[in-house]
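These figures come from a predicted structure and were not determined experimentally. Nothing fancy with the numbering, it's 1 onward along the sequence.
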Amino acid sequence: MRNATGIAVAASALLVLVAGTAAAPASAKIVVGTSIKGVELGMTKKQVVAQVGKPKKVDKFTTEFGRVKILSYGKKLTVNITAGAVTLMRTRSPRQVTSQGVGVGSSKKQVKQFVPGVVCDNVSGFRSCHVNDFLPGEIVTVFRLKQKVVKSVEIGRVLD
C-alpha cells in the first residue's frame with residue numbers, strides 16, 4: 001500500500017511540475033521575434049482586434065511601402081499594419097514581459113543576461129539591445145534603452 005501511495009504522490013508532483021512548466025511560456029506577453037500580447041507579425045487588422053480588442057485610436061497614412069494603419073492601445077501596445085499585415089508592434093508597458101521577466105523597466109544587464117542572441121549598441125542615434133540584424137526582411141526585436149533601462153520593446157520586420 002505504501003508503494004501505491006508513493007507512486008500516486010510522485011505522479012501528482014510530476015503533473016504539477018509539467019503543468020507549471022507548460023504554463024510559463026503561455027504566460028509570457030512578449031515572445032522575442034514573434035509576438036507582443038498575442039499579436040504576431042503578418043496578422044490582419046481583424047485578427048489584431050480579435051486578439052486584443054478595439055484600439056483607442058487609429059492613424060492612417062501612405063508611405064513608399066503602401067498604406068499604413070497604426071492601431072494604438074495606449075502604453076500597452078501600438079501595432080503598425082502595412083499593406084494589410086502587421087509589420088511592427090511596440091509596448092511601453094511594464095506588464096508586457098518575456099517568459100524570463102524582461103521588458104520595460106528591465107536593466108540593460110538583465111536584457112543581456114536573459115535574452116539569447118541579443119546585441120547592445122547604438123543604432124541611428126538610439127541606444128538599444130536587439131536580436132537579429134537590421135537587414136531587409138529580417139525580424140528584429142528591439143529593447144530601446146534610456147540610461148541603461150528599457151523604455152520600450154518593439155518587434156518588427158525590416159522593410160528596407
Side-chain angles (χ1 to χ4, degrees), residues 10 12-53 55 63 65-66 68-160:
S12 295
L14 182 59
L15 279 174
V16 169
L17 179 62
V18 170
T21 303
S27 67
K29 295 181 181 175
I30 296 174
V31 180
V32 173
T34 302
S35 64
I36 298 176
K37 202 172 167 92
V39 175
E40 297 182 13
L41 295 172
M43 282 183 157
T44 64
K45 179 182 177 187
K46 186 176 181 178
Q47 291 171 316
V48 172
V49 171
Q51 178 66 32
V52 292
T63 70
F65 302 108
V68 178
K69 292 180 185 175
I70 300 177
L71 312 181
S72 179
Y73 295 87
K75 284 186 176 185
K76 294 178 191 174
L77 185 67
T78 302
V79 179
N80 288 25
I81 298 176
T82 306
V86 173
T87 54
L88 176 74
M89 300 156 278
R90 175 185 304 114
T91 185
R92 292 181 292 134
S93 171
R95 291 183 166 187
Q96 310 298 320
V97 296
T98 67
S99 61
Q100 295 292 322
V102 176
V104 173
S106 296
S107 68
K108 179 179 177 181
K109 182 178 178 180
Q110 290 170 314
V111 173
K112 289 171 80 171
Q113 182 178 1
F114 294 113
V115 179
V118 77
V119 174
C120 298
D121 56 16
N122 289 330
V123 177
S124 300
F126 293 98
R127 290 186 178 162
S128 66
C129 297
H130 56 91
V131 177
N132 281 343
D133 295 321
F134 292 91
L135 298 172
E138 287 287 327
I139 295 172
V140 181
T141 301
V142 180
F143 297 84
R144 291 203 185 265
L145 304 169
K146 185 173 182 182
Q147 299 176 354
K148 297 184 180 182
V149 175
V150 176
K151 296 299 178 185
S152 69
V153 180
E154 301 171 6
I155 300 173
R157 182 174 305 280
V158 179
L159 298 177
D160 63 350

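Contact between Gln96 and Ile36 at its shortest, heavy atoms only, is OE1-CG2, 4.4 Å. Across Gly101 and Ser106, no two heavy atoms sit closer than the pair O-OG, 3.7 Å. Of all heavy-atom pairs between Val131 and Pro116, the closest is CG2-O, 4.0 Å. Arg144 and Ser128 get closest at one heavy-atom pair: CA-CB, 4.1 Å. Contact detail for Gln47 and Met43: the closest heavy-atom pair is OE1-CA, 3.2 Å. A pairwise comparison of heavy atoms in Ser35 and Glu40 identifies CB-CG, 3.7 Å as the closest pair.
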Can you give the donor-acceptor pairs under 3.5 Å from side chains of residues 145-153 to other protein atoms, not counting sequence neighbours?
none

Ignoring hydrogens and angles, write down the donor-acceptor pairs under 3.5 Å from the side chains of residues 85-94, residues two or more places apart or on other chains.
{"unit_1": "Thr87", "atom_1": "OG1", "unit_2": "Thr82", "atom_2": "OG1", "d": "3.0"}
{"unit_1": "Arg90", "atom_1": "NE", "unit_2": "Glu154", "atom_2": "OE2", "d": "3.0"}
{"unit_1": "Thr91", "atom_1": "OG1", "unit_2": "Lys76", "atom_2": "O", "d": "2.7"}
{"unit_1": "Thr91", "atom_1": "OG1", "unit_2": "Ser93", "atom_2": "N", "d": "3.1"}
{"unit_1": "Ser93", "atom_1": "OG", "unit_2": "Arg95", "atom_2": "N", "d": "3.1"}

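The line from CD1 of Ile155 to CD1 of Ile139 is 9.0 Å long, rounded to the nearest 0.5 Å. Atom CZ of Arg157 sits about 14.0 Å away from atom CG of Asn80, to the nearest 0.5 Å.
The side chain to side chain contact (heavy atoms under 4.5 Å, CB included) with Thr34 is formed by just one residue from the set Val31, Val32, Ile30; it is Val31.
Summarising the local packing, CZ of Phe126 is surrounded by 12 or fewer heavy atoms from other residues, nucleotides or ligands at distances under 6.0 Å.
With a 4.5 Å cut-off on side-chain heavy atoms, Val52 and Tyr73 count as touching. The shortest distance between side-chain heavy atoms of Lys29 and Val97 does not fall below 4.5 Å.
Using modelled atom types, no side-chain atom of Glu138 and backbone atom of Leu135 make a donor-acceptor pair closer than 3.5 Å. Put simply, the side chain of Arg127 never gets that close to the backbone of Asn122: no donor and acceptor are under 3.5 Å apart.
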(request) Decide side chain to side chain contact (heavy atoms under 4.5 Å, CB included) for Val115 and Phe143; before the verdict, give the C-alpha distance in whole Å, the side-chain angles of both, and the deciding distance to 0.1 Å. (result) CA-CA 10 Å; Val115 179; Phe143 297 84; 3.9 Å; yes
